[in-house]
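Within every chain, numbering begins at 1; the chains are lettered A, B, ... in the order of the sequence lines, protein sequences first and strands thereafter. Note: hydrogens, waters and symmetry copies are ignored here, and every other heavy atom, side chains too, is used.
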Protein chains: 2
Amino acid sequence: MIPWVVLERLFLYYTYLESLPPEVEWVSSQMLGDALGISGDLVRKDMTYCTTKGKPRQGYPVGQLRDHLREMLKLDLPVNAVLVGAGRLGSALANYPGFRRHNMHILAAFDVDPAKVGTHVGDVPVLPITELESFVTRNDVCCGIITVPASSAQEVADMLVRSGVRSIWNFAPVSLRVPHHVVVRNENIIEGFILLRIQALEQ
Amino acid sequence: MIPWVVLERLFLYYTYLESLPPEVEWVSSQMLGDALGISGDLVRKDMTYCTTKGKPRQGYPVGQLRDHLREMLKLDLPVNAVLVGAGRLGSALANYPGFRRHNMHILAAFDVDPAKVGTHVGDVPVLPITELESFVTRNDVCCGIITVPASSAQEVADMLVRSGVRSIWNFAPVSLRVPHHVVVRNENIIEGFILLRIQALEQ
DNA sequence: TAGATTGTTAATCGATTAACAATC
DNA sequence: TAGATTGTTAATCGATTAACAATC
């Protein structure tokens, strides 16, 4: 119901509020916006999605707003995920401290390489890809993270869909085809770079 | 001049055209769109930014369009970059094969940790952070990639700006403040996850 | 009180979709 | 020719910005 663009900004607000020292009790739309490169107008508009109300001349109550955003973004709800592809990127993600802090639990990584099976990436065990589907089904995994090469990404996505995940986070540089009930987010690494270089070269 | 959203899609088109077998000589807007989850209408609209023209009943000439997109996106122009932060994510990026394929050269990585200095991530040498500014100035580096923790990201960004990079690709979960002439792309890893979990949980 | 800041409505802007004549 | 597909214009949609009355 809340548009994605708004959700993204709500999460930015949340992160910023978390970073404030505890003695800061009020924050104005202007302050919030300036810190994040967003106009104060837009911040106030976004706030209409929150039940937390501001006060003229004071702004918004930091603690209350932060807690409310935390609830809206469901940050307290634990979510189980698996990683497919235990290469360097997979390993980096498995160890990303932000995940645990936000109640995101990567239960296992899967790989085709027999040399990797049985090892760990961080403290995440690497299992054979053949066990992916039964593992997902048994462990209430709702999110699959794809960090395999582009050539096998679709195949992995199909396996994840079959095993019942509701969302896929794709780091392979391809567009995945999945049924409507599965949400996909493409994180096309190279694309960011291309855009940056174009911008930088044009100046 | 071409809007970012369009540039992103042009790159998707390019990637798709590259993946086609050589015997495919023509591609219609419908085909292109279907493969990428984009409407044919929008594909044709995007094509108005290209000088390559399509033909009624045939579509667009694959080879010509691909070459033209390659030129528009300046994929042949080599670009030098440096990596700041030689942790797991930095290491994953240093070894990402797509960069070299797209003429993106990561010349060096920088880190504060003396244990890392002198080693390599992939075939990229790790240098002390104190040498960052002089290295960037001497080697015509136009892009800095930040993979340090959030707490030191702004400091690193300031160093990069001082040394004259024109673009910054930021993987730390903070909003960076930089002058107008520097382009920043934030790749806030955790944000993608948060959005996915909300979508998946709401269904 | 005066002034800062909210909450909300109206105006603007830009991107996508729809429609359709032109064309091979 | 008939039909598929382009290129382009108009309509729609949604997001951001501007404006301003309400309020503490």
Between Asp140(B) and Asn80(B), does any side-chain donor sit less than 3.5 Å from a side-chain acceptor?
no

Would you classify Lys45(A) as touching base, sugar-phosphate or nothing, given that sugar-phosphate means primed atoms plus P, OP1 and OP2, and contacts are heavy atoms under 4.0 Å?
base

Nearest-nucleotide wise, let me know which of Gln30(A) and Arg57(A) is further upstream toward the 5' end of DNA chain C.
Arg57(A)

Set out, in order, the CA-CA distance, both residues' side-chain angles and the distance that settles ring pair (Phe, Tyr, Trp, His ring centres under 6.0 Å) for Tyr13(A) and Tyr16(A), then state yes or no.
CA-CA 5 Å; Tyr13(A) 303 151; Tyr16(A) 178 71; 8.9 Å; no

Can Asp123(A) and Arg100(A) be counted as an ion pair, charged N to O under 4.0 angstrom?
yes

Residue mapping more 5' on DNA chain D - nearest nucleotide basis, Lys55(A) or Arg9(A):
Arg9(A)

Closest-nucleotide 5' rank along DNA chain D - winner of Gly59(B) and Gln58(A)
Gly59(B)

Side chains of Tyr14(B) and Arg66(B): donor-acceptor distance under 3.5 Å anywhere?
no

Is any NZ, NE, NH1 or NH2 atom of the basic residue among Glu133(B) and Arg162(B) found under 4.0 Å from an Asp or Glu carboxylate oxygen of the other?
yes

Rounded to the nearest 0.5 Å, how far does SG of Cys143(B) lie from CE of Met104(B)?
6.5 Å

Under the side-chain contact (heavy atoms from CB on, under 4.5 Å) test against Val82(B), which residue among Ile106(B), Ile145(B), Leu132(B) passes?
Leu132(B)

Dot-bracket encoding per residue of DNA chain D, Watson-Crick/G-U cut-off under 3.5 Å, | denoting interstrand
..||||||||||||||||||||||

Closest approach of Leu160(B) and Ser163(B), non-hydrogen atoms and distance?
O-OG, 2.8 Å

Positional range of nucleotides in DNA chain D within the contact set of chain B, heavy-atom, under 4.0 Å:
dG3(D) to dA10(D)

